[in-house]
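Only this structure's heavy atoms are used, side chains among them; waters, hydrogens and symmetry mates stay out. For this chain, numbers begin at 1 and follow the sequence in order.
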Amino acid sequence: RSVTIRAWNRHNPWDEGAVAVAKALQRHARPGDLIVVRSVADRYDTYWKTISNFEDPRIFNLTRTRGWPIGKETTDPQVVDQAMRQGARFYVEPETRPVLPQFDTWLAKHARLIETTNYGGKVYELR
């Protein structure tokens with residue numbers, strides 16, 4: 001049983017997107033760099049009407065970076081803009097997301113796409 005659990009953990013499909021985007025980010029970021037990571041979970045739980053446990057440490061831990069997680073549903077680019085003003089060098093998305101017009105317009109002006117993954121992940125360098 002223990003061997004089965006360890007094998008599943010090594011090939012856990014839930015982790016594949018985060019691991020892939022972390023490997024892509026590692027080609028550009030240094031340990032200790034500040035980054036912004038879009039979570040795979042919503043920040044606000046509409047059913048329970050409360051902040052959820054959206055902070056996903058996997059990318060931070062795998063790359064030894066630190067910074068700001070943002071909720072999956074975040075559409076306001078000011079969240080990333082503020083982090084950039086505080087030193088964030090990269091913005092990371094571990095999976096495909098819907099089009100966010102205001103957010104995407106901000107990214108086009110303030111970031112450069114430098115890596116993509118087979119899981120829809122993206123790494124942007126902030127300018």
Side-chain angles (χ1 to χ4, degrees):
R1 175 140 169 88
S2 173
V3 171
T4 303
I5 290 170
R6 279 188 293 222
W8 182 83
N9 282 335
R10 262 194 308 268
H11 303 289
N12 180 348
W14 187 73
D15 285 333
E16 290 174 354
V19 169
V21 83
K23 285 180 181 179
L25 177 61
Q26 279 181 318
R27 289 190 275 277
H28 306 278
R30 295 181 310 270
D33 275 353
L34 295 173
I35 66 172
V36 179
V37 178
R38 183 175 291 274
S39 180
V40 295
D42 288 337
R43 181 180 188 280
Y44 187 79
D45 186 309
T46 56
Y47 179 80
W48 293 105
K49 310 263 188 273
T50 187
I51 300 296
S52 69
N53 187 12
F54 72 98
E55 297 93 344
D56 184 349
R58 294 175 298 167
I59 295 166
F60 295 105
N61 291 341
L62 291 168
T63 60
R64 296 183 7 207
T65 55
R66 54 196 179 92
W68 300 265
I70 63 172
K72 181 179 185 173
E73 80 283 12
T74 300
T75 60
D76 183 0
Q78 292 308 310
V79 175
V80 180
D81 189 71
Q82 182 177 7
M84 184 178 71
R85 292 176 193 280
Q86 294 177 15
R89 295 188 56 225
F90 300 96
Y91 165 69
V92 179
E93 298 178 343
E95 63 185 12
T96 304
R97 64 162 169 81
V99 173
L100 304 171
Q102 182 183 8
F103 197 91
D104 293 336
T105 299
W106 185 91
L107 273 180
K109 291 179 183 175
H110 301 281
R112 179 175 65 95
L113 180 63
I114 56 174
E115 292 269 351
T116 59
T117 72
N118 293 336
Y119 298 92
K122 295 179 180 177
V123 176
Y124 292 87
E125 183 177 35
L126 299 172
R127 313 180 206 160

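Arg58 and Asp56 get closest at one heavy-atom pair: NH2-OD2, 2.6 Å. Scanning both residues, Phe54 and Asp42, for their nearest heavy atoms gives CB-O, 3.3 Å. In this structure, Ala41 and Ser39 approach most closely via the heavy-atom pair N-OG, 3.0 Å.
The backbone N or O of Asp45 lies less than 3.5 Å from no partner atom in the side chain of Ser52, so there is not a single donor-acceptor pair. Checked by atom type and distance alone, the side chain of Arg38 pairs as donor or acceptor with a backbone atom of Lys72 at under 3.5 Å. Checking side-chain atoms of Thr65 against main-chain N and O of Pro31 turns up no donor-acceptor pair under 3.5 Å.
In this structure, CD on Gln26 lies 9.0 Å from CZ on Arg64, to the nearest 0.5 angstrom. Arg66 CZ to Asn61 CG: the interatomic distance, rounded to the nearest 0.5 Å, is 14.0 Å. Expressed to the nearest 0.5 Å, how far CD of Glu125 lies from CD1 of Ile35 amounts to 13.5 Å.
Among Val40, Thr117, Val21, the one residue that satisfies the side-chain contact (heavy atoms from CB on, under 4.5 Å) test with Glu95 is Val40.
Gln78 CD: more than 12 foreign heavy atoms inside a 6.0 Å radius. Atom CZ of Arg127 is surrounded by more than 12 heavy atoms from other residues, nucleotides or ligands within 6.0 Å. By the 6.0 Å contact criterion, CZ on Arg43 is open, its count of non-hydrogen atoms from other residues, nucleotides or ligands being 12 or less.
Evaluation of the salt bridge (charged side-chain N to carboxylate O under 4.0 Å, His left out) rule for Arg97 yields Glu93, Asp104 as partners, not counting sequence neighbours. In this structure, Glu73 has no salt bridge (charged side-chain N to carboxylate O under 4.0 Å, His left out) partners at least two apart in sequence or on a different chain. With sequence neighbours excluded, the residues satisfying salt bridge (charged side-chain N to carboxylate O under 4.0 Å, His left out) with Arg89 are Asp33. Remark: Tyr44 engages no residue in a side chain to side chain donor-acceptor pair (under 3.5 Å) (not counting sequence neighbours).
Residues Phe90 and Ile114 are in side-chain contact: their nearest non-hydrogen atoms beyond the backbone lie under 4.5 Å apart.
Glu115 and His28 share a side-chain donor-acceptor pair at under 3.5 Å.
In the hydrophobic clustering of this structure, Phe60 groups with Val123; members are Ile, Leu, Val, Met, Phe, Trp, Tyr whose side-chain heavy atoms approach within less than 4.5 Å, directly or through other members.
When hydrophobic residues (I, L, V, M, F, W, Y) are linked wherever their side-chain heavy atoms come within less than 4.5 Å, the members clustered with Val19 are Leu62. Grouped with Leu126 in one hydrophobic cluster are Leu34, Val36, Trp68, Ile70, Val79, Val80, Met84, Tyr91, Leu100, Phe103, Trp106, Leu107, Leu113, Tyr124, the linkage being side-chain heavy-atom contacts under 4.5 Å among Ile, Leu, Val, Met, Phe, Trp and Tyr residues.
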